[in-house]
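Hydrogens, waters and symmetry mates are skipped; everything else that's a heavy atom, side chains included, is used.
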Amino acid sequence: MKAIYAGSFDPISNGHLDIIKRAAKLYDELHIVVSNNILKKYTFTVEERIDMLRLATVGIKNVIITAYDGLVVNYAKENKIRILIRGMRNYSDYENEFNLYQYNKDLAPEIETLIMMPSTKNLFISSSAIKELVTFNCDISKYIPKIVNDIVVNKIKKGH
């Protein structure tokens, strides 16, 4: 069985990686889809985000990393995937995830959305907070995969 875990991954965090590792154990094939939200301004290019994901998931054999500009449910239909994995950290995520679920279910009733909670140590991690911490010269090494730490710090400090 196949599943999708989509997000902007700008940059990948330990919270993302936690969900990727756990979801990869549940499915034969996990598609990690780098999506572009037209309402967001990104620090990293799609190619940089894919490269960071590849580095961070090097030991996970059943992941497929790709980018997709359309709706994730359309990617799911095109690839015959019936499960969307979503991460939810807190109550503010709940409202967005609930609304997204409703749209996805309306557009593709055959596709199910499964919510995964992050491990306790990753509950508060967000990509935007990571970028802010770097801006103020804070150590982010415990919030992101170590293999991408220098990439993230160097890009943000250069002012993207």
Side-chain angles (χ1 to χ4, degrees), residues 1-90 92-119 122 125-131 134 140 143-145 147-149 151-152 154-156 160:
M1 184 174 276
K2 301 188 280 188
I4 297 173
Y5 178 47
S8 55
F9 306 106
D10 188 47
I12 182 174
S13 71
N14 284 339
H16 295 130
L17 188 56
D18 173 48
I19 289 176
I20 290 167
K21 287 178 178 178
R22 291 169 39 222
K25 290 178 185 175
L26 300 173
Y27 298 95
D28 301 318
E29 199 173 275
L30 179 63
H31 290 240
I32 303 170
V33 177
V34 176
S35 55
N36 278 317
N37 181 332
I38 58 171
L39 302 176
K40 286 186 179 179
K41 182 177 183 269
Y42 294 103
T43 301
F44 298 91
T45 66
V46 169
E47 294 78 18
E48 289 170 326
R49 290 181 272 156
I50 287 173
D51 288 344
M52 286 188 286
L53 280 160
R54 285 196 176 119
L55 287 170
T57 61
V58 76
I60 308 170
K61 302 296 181 213
N62 62 331
V63 297
I64 295 169
I65 301 169
T66 189
Y68 191 73
D69 282 332
L71 296 173
V72 174
V73 291
N74 290 339
Y75 178 91
K77 287 180 192 178
E78 291 167 16
N79 291 277
K80 297 179 178 25
I81 301 172
R82 295 184 43 230
I83 304 291
L84 300 180
I85 302 290
R86 301 294 302 166
M88 187 166 57
R89 296 169 300 191
N90 51 42
S92 59
D93 283 352
Y94 175 79
E95 185 177 353
N96 292 331
E97 292 302 332
F98 185 76
N99 289 335
L100 183 60
Y101 165 78
Q102 296 299 329
Y103 282 112
N104 286 340
K105 201 62 172 167
D106 187 53
L107 295 168
E110 71 280 11
I111 297 172
E112 290 297 335
T113 298
L114 299 179
I115 301 292
M116 291 186 76
M117 303 301 196
S119 299
N122 297 314
I125 299 174
S126 73
S127 295
S128 55
I130 289 167
K131 291 184 273 192
V134 171
I140 59 163
Y143 308 125
I144 64 172
I147 197 160
V148 301
N149 190 81
I151 296 167
V152 172
N154 292 336
K155 173 88 176 205
I156 294 170
H160 33 140

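Annotation: side chain to side chain donor-acceptor pair (under 3.5 Å) contacts of Ser13 (sequence neighbours excluded): His16. Judged as a side chain to side chain donor-acceptor pair (under 3.5 Å), and not counting sequence neighbours, Lys21 has no contacts. Residues passing the side-chain contact (heavy atoms from CB on, under 4.5 Å) test with Phe98 are Tyr94, Gln102, sequence neighbours excluded. Applying the salt bridge (charged side-chain N to carboxylate O under 4.0 Å, His left out) test to Arg82 and every residue at least two apart in sequence or in another chain returns nothing. Partners of Ile151 by side-chain contact (heavy atoms from CB on, under 4.5 Å), not counting sequence neighbours, listed by chain and number: Met52, Leu55. For Glu97, the side chain to side chain donor-acceptor pair (under 3.5 Å) criterion is met by Arg86, not counting sequence neighbours. Under the rule for a salt bridge (charged side-chain N to carboxylate O under 4.0 Å, His left out), the partners of Lys105 that lie at least two apart in sequence or sit in another chain are Glu112. For Ser35, there are no side-chain contact (heavy atoms from CB on, under 4.5 Å) partners at least two apart in sequence or on another chain. With sequence neighbours left out, the side-chain contact (heavy atoms from CB on, under 4.5 Å) criterion links Glu95 to Asn99.
Sorted by first then second residue, the salt bridge (Lys or Arg N to Asp or Glu O under 4.0 Å) pairs that include residues 1-19, not counting sequence neighbours, are Asp10-Lys131, Asp18-Arg22. Applying the salt bridge (Lys or Arg N to Asp or Glu O under 4.0 Å) definition to pairs two or more places apart or across chains, those involving residues 47-70 are Glu48-Lys155. Within the structure, the ring pair (Phe, Tyr, Trp, His ring centres under 6.0 Å) test picks out the following pairs touching residues 18-41 (sequence neighbours left out): His31-Tyr75.
Exactly one residue among Asn74, Ile4, Val34, Asn79 makes a side chain to side chain contact (heavy atoms under 4.5 Å, CB included) with Tyr68. That residue is Asn74. Among Ile20, Thr66, Val148, the single residue meeting the side chain to side chain contact (heavy atoms under 4.5 Å, CB included) criterion with Leu53 is Ile20.
Note that CG of Asn149 and CD1 of Ile140 are 5.0 Å apart. Values are rounded to the nearest 0.5 Å.
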